[in-house]
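Okay, structure first, notes after.
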There are 2 protein chains.
Amino acid sequence: MPQHSILDILPAQLRKEAMEKIRIVRFPAGQVLFSAGERCQGLPLVLQGSVKVQMTGASGHSIVLYRMGKDDICTLSIGCLMTGRGYRAEAVVEEEGEAAMIPRGVFDRLMDQSPEFRLGIMESYGRRLDDLMLLVEEVAFHRMDERLEEWLLARASRGVIAITHQELAVELGTAREVVSRLLKELERQEMVRLSRGKIELTGLVGSATPA
Amino acid sequence: MPQHSILDILPAQLRKEAMEKIRIVRFPAGQVLFSAGERCQGLPLVLQGSVKVQMTGASGHSIVLYRMGKDDICTLSIGCLMTGRGYRAEAVVEEEGEAAMIPRGVFDRLMDQSPEFRLGIMESYGRRLDDLMLLVEEVAFHRMDERLEEWLLARASRGVIAITHQELAVELGTAREVVSRLLKELERQEMVRLSRGKIELTGLVGSATPA
DNA sequence: GATCGTGTGTGACTTTATCACTGAACTACC
DNA sequence: GGTAGTTCAGTGATAAAGTCACACACGATC
C-alpha cells in the first residue's frame with residue numbers, strides 16, 4: 001500500500017482511481033532512475049529511500065543539485081512531462097527504496113480534480129526553486145572550506161562517513177584535488193581522520209569558522 | 001487591453017471573469033517590484049518591458065538569476081503564493097513596462113477551471129527550473145572570461161552596451177575587480193573599447209575561445 | 001606475494017577572489 | 001567656470017580555488 005502525503009490528502013474516490021493506475025517501482029542503491037536527455041514517463045513520488053539529482057556540465061564536471069527523500073515529489077519531472085523535453089539532469093539512488101509512478105493521464109486528472117493535489121505540487125515546486133536559488137548563491141559566493149565543513153556536519157550523524165573524495169567533489173561541484181587538500185588540512189587540525197573511502201569526524205563542530 | 005498568451009488561451013467566459021479582477025501595473029525602469037522577505041500579493045504576468053531577478057547572499061554579494069520579458073510569468077511568485085513564505089530574491093525593472101497582477105483567488109480559480117492555464121504555468125515552471133540548473137552549472141564550472149564574453153555577445157545587438165563594471169559583476173556573480181581586469185584584457189586584444197559606464201564591442205565574435 | 005584498478009597526496013602553475021588604495025569622470029552647486 | 005562630492009575604473013599584493021601531471025597506497029584477485 002503506497003504511502004505518500006500527496007495521495008493521502010486526495011478525496012477517497014479520486015484516490016481509489018489513482019491507486020489503480022499507479023505503478024510501484026522498487027529501486028536498488030546505485031540505480032539510475034533517469035539520465036540527461038531521457039523522456040519523462042510519469043511523475044515519480046518517492047515513497048521510501050533517497051535519490052540524488054545531479055547534472056553534468058559541458059566541461060564534464062558534475063554537481064549534485066538536490067536530494068529527494070521519503071514523501072518528496074520529483075518536481076523536475078513535471079517540467080519534462082509538460083514540455084515534452086528530455087531531462088537535463090540525472091537521478092541516482094543512494095538508499096534503496098520505492099516510488100509511485102503517476103502516468104501523465106492520471107497526473108492531468110488529479111491536477112484537474114483536486115485542489116489539494118495542485119497545492120502539493122505547487123509547494124513542492126516552490127521549495128525546489130528555493131533550493132536551487134540557494135545553491136547558486138552557495139556555489140557563487142561561499143568558500144569551499146566552509147562548504148565542505150558544512151556538508152560533513154550535515155551528515156555527521158554516524159561519526160563516520162563512507163564517501164570518496166571524488167564523490168564529495170561532485171557534491172560540492174569542485175575538483176577532487178581541492179577536496180583532498182581541504183580534507184588533509186582538516187586532518188592536520190585533528191577535525192577528521194581519513195582513510196580510503198571513509199571520513200571519520202573527530203573534532204568538527206558547528207560554525208567552525210566564526211564570522 | 002492586457003495582452004498575454006496565457007490569458008489569450010482562456011475560454012471566453014473565464015477570460016472575461018479574470019480580466020475584471022486583474023490589476024494592471026505600470027512600472028518605470030529602476031523600480032523594485034519585490035524584495036527579499038516580502039509577501040507575494042498575486043501572480044504577475046509581464047505584458048511589456050524587462051525585469052531582472054537577483055538574489056543577495058549572506059556574503060552581501062548579489063547575482064542575477066534570470067530575466068523576465070514580454071509574455072513571461074513570474075514563476076517565482078507562485079511558490080511564495082502557495083506556501084505563504086516571503087520572496088528569497090528581488091526583482092528590478094530594467095526596461096519600463098507593465099504587468100497584470102492576478103490575485104490569489106483568481107489564480108486558484110484559473111488553475112481549477114482551465115487545463116490550458118495549468119499547462120502554461122507548468123511549462124513556465126519547467127523552463128525556470130532548467131534556467132536555474134544551467135546557471136548552477138555555469139557558475140560552478142565555466143571560466144569567467146568565457147562567461148563574460150558570452151554575456152557581452154548575447155546583448156551585442158546595438159554595438160554599445162551601457163553598463164558599469166559593478167553591474168556586470170552582479171550579472172556574473174563575481175567581483176567588480178575581476179570584471180575590470182578581464183575587460184581591460186579584452187581591450188588590449190582590441191575586442192572591446194571601454195569608457196565610463198559603456199562597453200563598445202569592436203572585434204568580439206562567437207566562440208572566441210574555441211574548444 | 002605480484003598485479004591491477006581505484007583512491008589519495010602533492011608540486012607547480014593558472015585563474016579567480018579579496019583587500020586596499022589611487023585616480024578619473026561626471027554632477028551639482030556656488 | 002571652478003570646486004566639492006560622488007560614482008566608476010584601474011591596479012598591486014596576496015589568498016583561495018582550479019588545473020595538470022604524476023607518484024604512491026590500498027585492497028581485491030589470481
Side-chain angles (χ1 to χ4, degrees), chain A residues 30 56-63 135-152 160-189 191-200 208-209 211, chain B residues 30 56-63 135-152 160-189 191-200 208-209 211:
Chain A
T56 301
S59 48
H61 289 120
S62 301
I63 182 170
L135 181 60
V136 169
E137 199 267 331
E138 177 114 351
V139 169
F141 302 128
H142 290 227
R143 294 178 41 132
M144 201 47 87
D145 53 356
E146 289 172 19
R147 291 179 55 209
L148 174 61
E149 290 183 29
E150 278 163 25
W151 193 97
L152 291 173
V160 177
I161 302 169
I163 193 170
T164 66
H165 297 184
Q166 178 57 51
E167 287 165 341
L168 201 32
V170 170
E171 290 291 330
L172 300 172
T174 182
R176 200 263 316 155
E177 299 92 311
V178 174
V179 171
S180 290
R181 270 191 259 262
L182 290 173
L183 282 173
K184 208 68 200 166
E185 179 57 29
L186 283 181
E187 191 177 43
R188 271 190 282 273
Q189 295 168 19
M191 309 288 243
V192 301
R193 201 166 308 150
L194 303 175
S195 55
R196 191 186 173 90
K198 270 187 295 215
I199 301 170
E200 187 182 348
T209 312
Chain B
T56 301
S59 48
H61 289 120
S62 299
I63 183 171
L135 181 61
V136 169
E137 199 267 331
E138 176 113 352
V139 169
F141 302 129
H142 291 232
R143 294 182 42 138
M144 201 48 87
D145 53 356
E146 289 172 18
R147 291 179 55 210
L148 174 61
E149 291 183 28
E150 277 163 26
W151 194 97
L152 291 174
V160 177
I161 302 170
I163 193 170
T164 67
H165 297 184
Q166 177 57 52
E167 286 165 341
L168 202 32
V170 170
E171 290 290 332
L172 300 172
T174 183
R176 201 262 316 155
E177 300 91 312
V178 174
V179 171
S180 290
R181 271 191 259 261
L182 290 174
L183 281 174
K184 209 68 201 166
E185 179 57 29
L186 282 180
E187 191 177 43
R188 271 189 283 274
Q189 294 167 21
M191 310 288 244
V192 300
R193 201 166 307 149
L194 302 175
S195 56
R196 187 187 173 90
K198 270 189 296 218
I199 301 170
E200 187 183 349
T209 312

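Each chain gets a letter, A, B and so on, in the order the sequences are listed, and its residues count up from 1. Bear in mind that the values here come from a model prediction, so they are computed numbers and not experimental data.
- Considering only the side chain of Met144(A), dG18(D) comes nearest among dG10(D), dG18(D), dT18(C).
- Of the candidate nucleotides dT11(D), dT8(C), dA17(C), dT8(C) has the atom nearest to the side chain of Ser180(A).
- Within 4.0 Å of His61(A), counting heavy atoms only, lie sugar-phosphate atoms of the nucleic acid but no base atom.
- Closest approach of Glu187(A) and Leu194(A) over heavy atoms only: OE2-N, 3.0 Å.
- Minimum heavy-atom separation, Ser62(A) to Thr56(A): OG-OG1, 2.8 Å.
- Nearer the 5' end of DNA chain C, as judged by each residue's closest nucleotide, is the contact made by Glu177(A), out of Glu177(A) and Phe141(A).
- Across Thr174(B), Ile161(B), Ile199(B), a single residue satisfies side chain to side chain contact (heavy atoms under 4.5 Å, CB included) together with Leu168(B), and that is Ile199(B).
- Side-chain contact between Leu186(A) and Leu152(A): present, with at least one pair of heavy atoms (C-beta onward) separated by less than 4.5 Å.
- Counting any heavy atom pair closer than 4.0 Å across all strands shown, Arg181(B) reaches a base atom.
- Looking only at atom types and distance, the side chain of Glu137(A) has a donor-acceptor partner in the side chain of His142(A) under 3.5 Å away.
- Of the candidate nucleotides dG18(D), dG9(C), dA17(C), dG18(D) has the atom nearest to the side chain of Val178(A).
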- Message: Using a 4.0 Å heavy-atom cut-off to protein, can you give one letter per nucleotide of nucleotides 1-7 of chain C, 5' to 3': B if the base is in contact, S if only the sugar-phosphate is, - if neither?
- Response: ----BBS
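- Between its two ends, the helix from dG1(C)-dC30(D) to dC30(C)-dG1(D) turns its axis by 20°, counting five pairs per end and rounding to 10 degrees.
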